[in-house]
Asks: 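Got a structure for you, questions after.
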Amino acid sequence: MADLSGVRLERVDSVQKAGELMTWLSERHETNAIGFDIETGEYLGNPTDDALSPYHGHIRLAQIGDQNTGWAIPWDEWSGVFYEAMSRWEGHIITHNIAFEAKWMGVQSRFKMPWERSHDTMIQAHIVDPLGPGALKVLTSRYVDRRAAAMQSMLDEAMAKNGWTWGTVPTTLQEYWAYGALDTVLTVRLWDKLNEDCGPGKRYAGVYDLEMAVRRVVTEMEMNGARVDVDYCERKYKELHDYSSAVKSWGDELYSEPKKKRSITSNQDLVKIFTEIGAEWLEEERTPTGQRQMNKAVLKRFINDYDGTQAAYLATQVLSMRKASKLADTYFANFMHYNVDGVLHPNIRTLAARTSRMSITNPALQTLGKGERTVRDAFIARNEDEMLISSDLDQVEFRMFASLSEDPQLIALFNKADADYAGGDPNGDSFTYIMRDLYNNPALDKKSPQRKLIKGYIYGRLYGAGVAKQALTAGVPEEQMRQVAEAFDRNYPGAKQFTQKVEDSGMRRFREEGQGYILTKTGRRLPCDEGKGYTLVNYMIQGGAAEVFKQNLLKLDAAGLTDYLVVPVHDEIVMSIPKAEAPEIMAQVKECMTTREGWAVPLTAGCDGPAERWGDLID
DNA sequence: CTCTTTGGCGCG
DNA sequence: AAAGCGCGCCAAAGAG
């Protein structure tokens, strides 16, 4: 393993240097690969957060390099050299976090990533070790040269000493441009290393192909963005903010003492206040650190238990204040903050979660309230000719569990429910059929109270909950839930056998390989934490569902629908589509979102809309 | 002053 | 024998 001591780093600052770069580029490169990276910054005087947004910041350096040589190209003066080099280069292009480079290039340059020959070592690293580090320096320290991490500190020191930011650090500063140029060298070397597992024909080749293709589609989605009704956001923000401020002032004033200010936004203060006015906590209402809980469940209990008293009234006020400020501050304020000409361009990470699920930040579009439509009503179609639709997978995790369990009875019930539903039976529903089977009572229907119990049991089970927790969540006596659990295991023994098999193989792998894990259908390895083998069943299902959803995104892409994609929400895709073609496109979307091959219980999907606002599409 | 942790709450 | 899984954002409070 070669170390980094012989590396040559150059900065383009003259026509001659530009010529040298072109000569270097035309020479033979070890694995027909060059690394590619950019450095970006905020505009002078703007928030430093802008440095990471292609909609607010600007490119300062572009860097390319191979295993031994790195070049830094100051963007303002020499971007022409970069374009010329990239137009000549026909080999592999290696990045570390292609989501970043591709989006910046897409928004701010005329160079578009050639995805079919582009690679991402961050994606590779996550596939090889889902719990490992993602940072380039840490990864190269681990896989290439121990000293790589140390080299970053020189730049950190120089920037701290001079008070520079990513927007103001001079591109002539050696620590800065050399740091940038070195990144490309590290990236190529890391790629060589990670290709041992992710390269063509290797164990993770299929998973890697899937992730790279998904990354391309999702980057398109980020650039498409989600349009919001900004006037509506401003109106709602003010309304909700004013309301929560008024409640806060009322409570703070009422419950402060002459010498001691107290606030109803402070949970510590609230505990004191509620105690004074006679409310009491139950034994189990404690946080993990032993403090008395002051959450929604406790407040709701106060409202019930102390009906007609001051405690109940205060609890009601606190709940509605919290609700209003949550909506105002977490949602509407961020919609106003992040929109660019009325469009949100969130960051969508395709491998954020250990199970390979996606996550969305700035703003967090996967967590919009759906209890009522206020928040989702902020979202409108991209333009006047389009409307919103949403396609959801039907109980995908439960269907997956049924298929994986290979339990013939469970699978048959599911398929019967599907067939009957298709035949027009409103009770054609898996939970209802399982309920009838477990209670041995065919007269029960979708509205029977037992259905909630069954559903609670099943989802609790998919997440690895014990009977006590399942009973608590469903709000029924433990004994009642225990009987459901026993009946379920009796009627569908495959479920328990599957769970057992997953945990046993996890234990065996822990003993033999030092880590418990499962392999998904596509060969992705998902490890669990030590001593928590019971989580593996959930990882199998959650990770499997995430992969199916990703494959569905690729089907939508192959059908030519990428331009219409707006937001992915784990098992749901929101799209903005032309009104004129809505029926045809919706049929196409439903087809793309459905998977029959490979699953004993088909993974079906519905499609709702078209609608003016996302709020119209709630359930 | 900034950074981290905790508790709470939104989602699948 | 028993174990609730995965995320992101905000306010408050503690730590440095």
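All figures in this text were calculated on a predicted structure; none of them were measured in a lab. What you see below is based on every heavy atom in this structure, not just the backbone, and it leaves out hydrogens, waters and symmetry mates.
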Asks: Please tell me whether A/Gln551 and A/Glu547 have a donor and an acceptor in their side chains that are separated by less than 3.5 angstrom.
Replies: no
Asks: Regarding C/dG4, can its base be found pairing with the side chain of A/Arg461 as donor and acceptor, where the two atoms are less than 3.5 Å apart?
Replies: no
Asks: Distance only, no hydrogens: is a donor on one side chain within 3.5 Å (strictly under) of an acceptor on the other, for A/Thr219 and A/Arg215?
Replies: yes
Asks: Under 4.0 Å between a side-chain nitrogen and a carboxylate oxygen: does that hold for A/Asp377 and A/Lys236?
Replies: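 Salt bridge: no.
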Asks: Is any side-chain N or O of A/Lys370 closer than 4.0 Å to OP1 or OP2 of B/dG12?
Replies: yes
Asks: Using purine N1 to pyrimidine N3 plus N6-O4 or O6-N4 for Watson-Crick, or N1-O2 and O6-N3 for G-U wobble, both under 3.5 Å, which nucleotide pairs with C/dA3?
Replies: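 WC or wobble partner does not exist here.
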Asks: What nucleic acid atoms does A/Ile360 come within less than 4.0 Å of, heavy atoms only: base, sugar-phosphate, or nothing?
Replies: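 Here A/Ile360 touches the backbone only, sparing every base.
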Asks: Quick one: is A/Ser359 getting a side-chain N or O under 4.0 Å of the C/dG8 phosphate, OP1 or OP2?
Replies: yes
Asks: In whole angstrom, what separates A/Asn538's CG from C/dA2's P?
Replies: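 Nearest whole value for this atom pair: 20 Å.
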Asks: For a quick test of reading the model: is some side-chain N or O of A/Tyr539 closer than 4.0 Å to OP1 or OP2 of C/dG6?
Replies: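 So the side chain of A/Tyr539 is within the cut-off, an N or O lying under 4.0 Å from OP1 or OP2 of C/dG6.
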Asks: Please determine if a side-chain N or O atom of A/Arg322 lies less than 4.0 Å away from the OP1 or OP2 oxygen of B/dC9.
Replies: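 Looking at the OP1 and OP2 atoms of B/dC9, one of them is under 4.0 Å from a side-chain N or O of A/Arg322.
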Asks: Salt bridge or not for A/Glu257 and A/Lys272, using N-O below 4.0 Å?
Replies: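 No, A/Glu257 and A/Lys272 are not salt-bridged.
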Asks: Quiz question: going by heavy-atom distance under 3.5 Å, is there a donor-acceptor pair between the base of B/dC9 and the side chain of A/Lys326?
Replies: yes
Asks: Could you check whether the side chain of A/Gln542 and the base of C/dC5 have a donor-acceptor pair of N or O atoms closer than 3.5 Å, going by distance alone?
Replies: yes
Asks: Using a distance-only test with no angle check, is there a side-chain donor-acceptor pair under 3.5 angstrom linking A/Ser53 and A/Tyr338?
Replies: no
Asks: Looking at C/dC5, I'd like to know if its phosphate oxygens (OP1 or OP2) sit under 4.0 Å from a side-chain N or O belonging to A/Lys532.
Replies: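 For A/Lys532, the contact criterion (side-chain N or O under 4.0 Å from OP1 or OP2 of C/dC5) is met.
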Asks: Mind checking if A/Gly533 touches a base, just sugar-phosphate, or nothing, with heavy atoms under 4.0 Å?
Replies: nothing
Asks: State whether A/Arg354 places a side-chain N or O below 4.0 Å from either non-bridging phosphate oxygen (OP1 or OP2) of C/dG6.
Replies: yes
Asks: Strictly below 4.0 Å: does A/Tyr463 bring a side-chain N or O up to OP1 or OP2 of B/dG12?
Replies: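 For B/dG12, neither OP1 nor OP2 has a side-chain N or O of A/Tyr463 closer than 4.0 Å.
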Asks: P atom, C/dG4 versus B/dC11: distance in rounded Å?
Replies: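 Comparing P positions in C/dG4 and B/dC11 gives a spacing of 22 Å.
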Asks: Grab the CZ-C1' distance between A/Arg292 and B/dT6 for me, whole Å please.
Replies: 17 Å
Asks: Can a side chain N or O of A/Thr330 be found less than 4.0 Å away from OP1 or OP2 on C/dG8?
Replies: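 Looking at the OP1 and OP2 atoms of C/dG8, neither is under 4.0 Å from any side-chain N or O of A/Thr330.
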Asks: OP1 or OP2 of C/dA13 sitting under 4.0 Å from any side-chain N/O of A/Asn267?
Replies: no
Asks: For a quick test of reading the model: is some side-chain N or O of A/Ser266 closer than 4.0 Å to OP1 or OP2 of C/dA12?
Replies: no
